[in-house]
Amino acid sequence: MGLKRNVSLSTALRYKGQGPMLTFILHRIGGLGMAVFVATHILASFLGGEGGKIANNIYEHWSFQVFIFFCALFHSINGLRITLLDLWPRLLEHQREAIWIEWAVFIPLYGIAVLVILQTALGG
Amino acid sequence: MTAKSKTLSLTQRGFNFEMLMWLFTRLSALAMYALILFAILGALIMGARNQMNFADVMRWGFMPNYTHVQSTDVPDLTPWSTTLWRFTASALLLLASSHGIHGLVVIADDYIVRPRGRLISRWLSIFLLVTMSIIGVYVIWTA
């Protein structure tokens, strides 16, 4: 287990991995966001009461919905790309093209959902 | 491309717990896509086309628990709270929690490098997995 690395956190943050690195970071943010959300959501629905109501108000707010839907949709579409390319490694050659397809699927789907969420929340 | 030799034994090919979890992460992802697709199709059959908006259908898809359609125009919650949907929701929850907790361990391992810290993170993750799965299944079946 003794892992030795020569890379400091600040160097890691300045690493320019472009498209694939961006999906890697967003995949982590999405996964972490969902893990925290699902855990608090389960706990709040189990405990109920005042704390449950406060938690409910937070994640029923449109800004939180926009955030958590980004996490869930990006994580699932990016995860599908990773799964397909990992299970059929010959496709790994076309990783960058796969990432472009991924954005082409993600942006319209996410855009429609955000539009609907905002319309329901603000449009009345 | 040259074909890789498959005459090596499993352990020589690097088959260990991490490899098993690597595979599990991908297979559980595929299973979750199937379950989400099943839930969305079910919602459409049960009348989501006229009674729910796109975001509501997606929310039901990610967790087919009937409390997730309470705020929509669905008139009768009975078909949404059947045993079938409770089983689907439980399967999604268990797959998602194990997939997610393993993801947390992978992320933690990138920052926690000392064996003692990793041991603590392992036990913490096992504790989280067990408690969250039990509480979640309890909520799904008693809500």
Side-chain angles (χ1 to χ4, degrees), chain A residues 1-5 7 9 12 27-48 56 59-60 62 65-66 68-69 71-73 75-87 89-90 93 109-121, chain B residues 1 4 22-23 25-33 36 52-59 61-63 65 67-68 71-72 92-93 96-97 99-104 106-119 122 125 128-129 131-140 142-143:
Chain A
M1 273 216 250
L3 176 66
K4 276 216 171 89
R5 288 181 307 180
V7 182
L9 183 65
H27 199 75
R28 288 211 155 171
I29 293 174
L32 277 175
M34 272 195 290
V36 172
F37 165 65
V38 170
T40 50
H41 186 31
I42 291 176
L43 269 183
S45 61
F46 174 65
L47 297 173
N56 245 327
Y59 47 67
E60 275 173 11
W62 62 267
Q65 301 242 319
V66 166
I68 203 67
F69 193 66
C71 292
L73 195 67
H75 198 88
S76 55
I77 292 178
N78 192 51
L80 187 59
R81 194 244 326 160
I82 295 172
T83 305
L84 290 178
L85 266 61
D86 274 356
L87 294 182
R90 263 206 273 178
E93 257 183 79
L109 262 184
Y110 183 63
I112 294 171
V114 167
L115 206 70
V116 171
I117 292 171
L118 291 184
Q119 258 180 352
T120 334
Chain B
M1 262 196 207
K4 284 226 176 78
W22 179 89
L23 191 64
T25 304
R26 273 123 193 102
L27 294 182
S28 61
L30 283 181
M32 283 189 282
Y33 296 122
I36 291 170
M52 283 159 82
N53 68 33
F54 179 73
D56 289 332
V57 176
M58 292 304 279
R59 180 172 59 175
F62 281 119
M63 179 40 73
N65 185 350
T67 51
H68 280 162
S71 58
T72 65
L92 253 175
L93 173 90
S97 58
H99 178 108
I101 293 283
H102 182 252
L104 291 183
V106 169
I107 295 177
D109 275 3
D110 275 359
Y111 304 99
I112 302 169
V113 287
R114 285 186 306 172
R116 194 181 154 74
R118 286 193 170 177
L119 194 67
R122 290 294 185 284
S125 64
L128 265 176
L129 175 61
T131 48
M132 281 302 148
S133 303
I134 292 174
I135 294 176
V137 169
Y138 174 83
V139 168
I140 288 172
T142 55

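Numbered from 1 within each chain, the chains take letters A, B, ... in sequence-line order.
Each of B:Thr131, B:Ile135, B:Val139, B:Ile107 has some count of heavy-atom pairs under 4.5 Å with chain A, and the biggest count is that of B:Ile107. Between chain B and the options A:Glu60, A:Arg28, A:Gln65, heavy-atom pairs under 4.5 Å are most frequent for A:Arg28. Ranked by non-hydrogen atom pairs under 4.5 Å with chain B, the options A:Ile117, A:Leu115, A:Asp86, A:Val114 are led by A:Asp86.
At least one side-chain heavy atom of B:Leu104 sits under 4.5 Å from a side-chain heavy atom of A:Leu32. With a 4.5 Å cut-off on side-chain heavy atoms, B:Leu30 and A:Leu87 count as touching. The side-chain heavy atoms of B:Met58 and A:Ile112, taken from C-beta on, include no pair separated by under 4.5 Å.
Both the backbone and the side chain of A:Ala113 come within contact range of chain B, with heavy atoms under 4.5 Å apart. Using a 4.5 Å cut-off between heavy atoms, A:Val116 contacts chain B through its side chain alone, with no backbone atom that close. In this structure, no portion of A:Leu47 lies under 4.5 Å from any heavy atom of chain B. Contacts between B:Leu93 and chain A at a heavy-atom distance below 4.5 Å involve the side chain alone, from C-beta outward.
A distance of 8.0 Å separates CG of B:Asn65 from OG of A:Ser45, quoted to the nearest 0.5 Å. We find the CE-CG distance between B:Met32 and A:Leu80 to be 11.5 Å, quoted to the nearest 0.5 Å. If you take NE2 on A:His75 and NE2 on B:His99, they are separated by 4.5 Å, rounding to the nearest 0.5 Å. Here OG1 of B:Thr25 is found 10.0 Å from CD1 of A:Ile82. Values are rounded to the nearest 0.5 Å.
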Worksheet item: Checking side-chain contact (heavy atoms from CB on, under 4.5 Å) for the pair B:Asp56/A:Thr120: CA distance, chi angles, key distance, verdict?
Response: CA-CA 11 Å; B:Asp56 289 332; A:Thr120 334; over 6 Å; no
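Other residues, nucleotides and ligands place no more than 12 heavy atoms under 6.0 Å from the OH atom of B:Tyr138.
Note: B:His68 and A:His41 have parallel aromatic rings, judged against thresholds of 30 and 60 degrees for the angle between ring planes.
Nearest heavy atom pair, residue B:Tyr33 against residue A:Gly79, reads OH-C, 3.2 Å.
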